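Shown next, in structure tokens, is the structure this report addresses.
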2 protein chains.
Amino acid sequence: MRILVVEDDPDLSRQLSEALKDSGYAVDVADNGEDGHFMGDTEPYDAVVLDLGLPIIDGISVLQKWRADGKTFPVLILTARDQWSEKVSGFDAGADDYLTKPFHHEELLARIRAILRRAAGHTTDSIDIGALHVDNRAARCFVDGMPIKLTSHEFRLLSYMAMHRGRVISRTELVEHIYDQDFDRDSNTIEVFVGRLRRKIGTDRIETVRGLGYRLIDPDNVPNKK
Amino acid sequence: MRILVVEDDPDLSRQLSEALKDSGYAVDVADNGEDGHFMGDTEPYDAVVLDLGLPIIDGISVLQKWRADGKTFPVLILTARDQWSEKVSGFDAGADDYLTKPFHHEELLARIRAILRRAAGHTTDSIDIGALHVDNRAARCFVDGMPIKLTSHEFRLLSYMAMHRGRVISRTELVEHIYDQDFDRDSNTIEVFVGRLRRKIGTDRIETVRGLGYRLIDPDNVPNKK
DNA sequence: GCAACCCCTGAACATAATCTGAATATTAGG
DNA sequence: CCTAATATTCAGATTATGTTCAGGGGTTGC
């Protein structure tokens, strides 16, 4: 999952992106409205954390522009305490949730997880695919109840596939959502990660669709394959 | 489905054609208005992605020429941000949709699927022909609810026939829409693929019309065959 | 500050799926 | 029956995917 943070206070921005990275997200940062708007327009984020008081273009305008352009990623806005009117116009502009500063990291992370899972049409933080259990909250996964140790990138890959289970996901899409901005994929990292994941969670849980990509399935619940 | 991309920026052009190929389309590329116009005039594309700012002949003129010549393929135009007047004249010239740069691959792909299916007179990404279900988004097909594994070329063939179901489709037409430019068909690949498809989805779903081509039908709902 | 470790990356190499073209068999139509 | 059209089969050729591994950057524990 890849997240954009638009925040001008350098301290807060660093804290936020660190906390998010620790939770296993790929994070890009913008420190003003213009850059933030451009990045949101250009890159396929899974969620955005948007401060409202920003240099150059304010947060509400950025959000409005995105929505006018048809961008649908979920947006969590940060407001100063007591700025009730801002919250209202934030929701009007298409925000999905808000958080008043100051806040605990824990709360931010919980809300991010919530908007991510809502966007993907799930109702809880964990996803079961047959005997495979993916816990996005604890960033852990289990097969038949046994905990599986995954590295951070392995978990990102699994988590993204779990959110979109059953669908074929192209290598390009995986790269875009697992890595942050400056990454030029000209190597076979995705294949390597898929290989490692398969060894850990079971080869047949990730189906490869030649020429298109990969798909996460429940191997015990395939109607019948030819 | 075969798509023409007319775009002069080499980076964007490569990205586009890669993303489209990933989605299972056959793709040709032109990097200026003149070549683009010629290719669109000569080859039977199912859709065109057309940048407006092009060397030699600009995009709007290319589109106007095509429409004046009676070309009906759907055209998705790419415009720079804020060039609202361009969008308007694009629609006037006969565009089917537009996308402002920059954009996400996923959005482009969604719009391509949308104009393709509109052009074929469908309203969703999936098509049912009796017990056969073709899902163009997931690139999958089912018979009686059972998933059928198809290779990428097999799926292209099926998808094209499903889009034009009930009509007889000649071998030449199939070759032209399933392969991109540089493919010299002097062999019997189409027969081979039809054979393989038949084995997978059921022999009687593809009818042979001697001397003309093939037709995709619902074997359980044939008005009356002689 | 150092050593030990873990993980990521990119490349080289190995394997497997699928495509192609041709040869051969079968069928429909006269 | 004869012929042309279509089907089937199959063996390379070709590409996509898998696997392995070494080097390096970063982190942890001492």
Side-chain angles (χ1 to χ4, degrees), chain A residues 18 21-22 24-27 139 148-158 161 168-175 178-216 225-226, chain B residues 18-19 21-27 139 141 148-158 161 168-175 178-180 182-216 225-226:
Chain A
E18 220 157 87
K21 279 180 187 158
D22 279 356
Y25 303 109
V27 181
I148 308 284
K149 253 186 96 172
L150 296 183
T151 70
S152 114
H153 278 203
E154 285 163 6
F155 185 79
R156 282 190 210 177
L157 183 62
L158 177 61
M161 295 189 80
V168 176
I169 305 173
S170 71
R171 263 161 270 273
T172 316
E173 185 176 344
L174 286 173
V175 170
I178 284 169
Y179 291 96
D180 50 30
Q181 226 168 19
D182 15 58
F183 178 82
D184 47 332
R185 162 197 152 67
D186 48 351
S187 153
N188 62 343
T189 32
I190 293 295
E191 282 88 343
V192 173
F193 279 117
V194 168
R196 291 212 262 259
L197 243 190
R198 276 187 174 139
R199 205 167 322 141
K200 290 186 178 178
I201 68 171
T203 311
D204 47 2
R205 290 200 153 73
I206 301 180
E207 198 180 44
T208 120
V209 183
R210 198 151 236 263
L212 296 176
Y214 299 95
R215 177 195 302 144
L216 189 64
K225 277 254 289 293
K226 198 168 169 195
Chain B
E18 216 160 272
K21 280 179 187 160
D22 272 0
S23 294
Y25 302 109
V27 181
C141 97
I148 308 283
K149 257 185 99 167
L150 296 183
T151 70
S152 124
H153 278 203
E154 285 164 5
F155 185 79
R156 281 191 212 179
L157 183 62
L158 176 61
M161 295 187 80
V168 177
I169 305 173
S170 73
R171 259 162 276 273
T172 316
E173 184 177 346
L174 286 173
V175 170
I178 284 168
Y179 292 95
D180 51 30
D182 17 58
F183 178 82
D184 45 332
R185 163 197 149 69
D186 47 351
S187 153
N188 62 343
T189 31
I190 294 294
E191 283 88 343
V192 173
F193 278 116
V194 168
R196 291 211 262 259
L197 242 190
R198 277 185 174 144
R199 202 167 326 140
K200 290 186 178 179
I201 67 172
T203 312
D204 48 1
R205 283 184 213 285
I206 301 180
E207 200 180 41
T208 301
V209 183
R210 197 150 236 265
L212 295 176
Y214 300 96
R215 178 182 4 204
L216 188 64
K225 269 222 338 242
K226 72 163 169 181

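Worth saying up front: this structure is predicted, and the values here are computed from it rather than measured. Below, chains carry the letters A, B, ... as their sequence lines are ordered, and counting in each starts from 1.
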*What is the minimum heavy-atom distance between Y179(B) and A26(B), and which atoms define it?*
C-CB, 3.6 Å
*Provide, to the nearest angstrom, the distance between the CD atom belonging to E154(B) and the P atom belonging to dA17(C).*
14 Å
*What's the closest nucleotide to the T208(A) side chain, out of dT20(C), dG18(D), dA7(D)?*
dG18(D)
*asked:* Checking side-chain contact (heavy atoms from CB on, under 4.5 Å) between L157(A) and each of L216(A), V194(A), I206(A), which is the one that passes?
replied: V194(A)
Under 3.5 Å, N/O pairs linking protein and nucleotides 12-14 of chain C:
residue	atom	partner	partner atom	Å
dA12(C)	N6	N188(A)	ND2	3.2

*Short question: side chain of R156(A), backbone of G24(A) - any donor-acceptor pair under 3.5 Å?*
yes
*Provide, to the nearest angstrom, the distance between the NZ atom belonging to K200(B) and the P atom belonging to dT18(C).*
7 Å
*Tell me what V192(B) touches on the nucleic acid: a base, only sugar-phosphate, or nothing, going by heavy atoms under 4.0 Å.*
base
_Just verifying a value: how many Å separate I178(B) CD1 and I190(B) CD1, rounded to the nearest 0.5 Å?_
5.0 Å
List every contact pair, protein side and nucleotides 26-30 of chain C side both N or O, where the distance is under 3.5 Å.
residue	atom	partner	partner atom	Å
dT27(C)	O2	R210(B)	NH2	3.4

*asked:* When you compare the side chains of T208(A) and R198(A), does any donor N or O come within less than 3.5 Å of an acceptor on the partner?
replied: no
*Closest approach of K149(A) and E154(A), non-hydrogen atoms and distance?*
O-OE1, 4.3 Å
*asked:* At less than 4.0 Å, is any side-chain N or O atom of Y214(B) found next to OP1 or OP2 of dA7(D)? Yes or no.
replied: yes
*Take the protein atom NZ of K149(A) and the nucleotide atom P of dC7(C), then report the distance between them rounded to whole Å.*
6 Å
_Option among E207(B), E173(B), R171(B) that satisfies the side chain to side chain donor-acceptor pair (under 3.5 Å) test with Y214(B)_ = R171(B)
*Give the rounded distance in Å between these two atoms: CD of E191(A) and P of dG10(C).*
13 Å
*Which residues satisfy the side chain to side chain contact (heavy atoms under 4.5 Å, CB included) test with V168(A), sequence neighbours excluded?*
V209(A), L212(A), R215(A)
*Within the pair R199(A) and dT19(D), is there a side-chain N or O less than 4.0 Å away from OP1 or OP2?*
no
_Can you tell me which nucleotide in dG18(D), dC7(C), dC19(C) comes closest to the side chain of T151(A)?_
dC7(C)
*asked:* Using whole Å, what does the distance between atom P of nucleotide dT8(D) and atom CD1 of I190(B) come to?
replied: 15 Å
*Closest heavy-atom contact between V27(B) and K21(B)?*
CG2-CG, 3.8 Å
*Grab the CZ-P distance between F193(B) and dT8(D) for me, whole Å please.*
15 Å
*Calculate the interatomic distance between E207(B) atom CD and dA5(D) atom C1'; express it in whole Å.*
16 Å
*Between dC6(C) atom C1' and F155(A) atom CZ, what is the distance in whole Å?*
19 Å
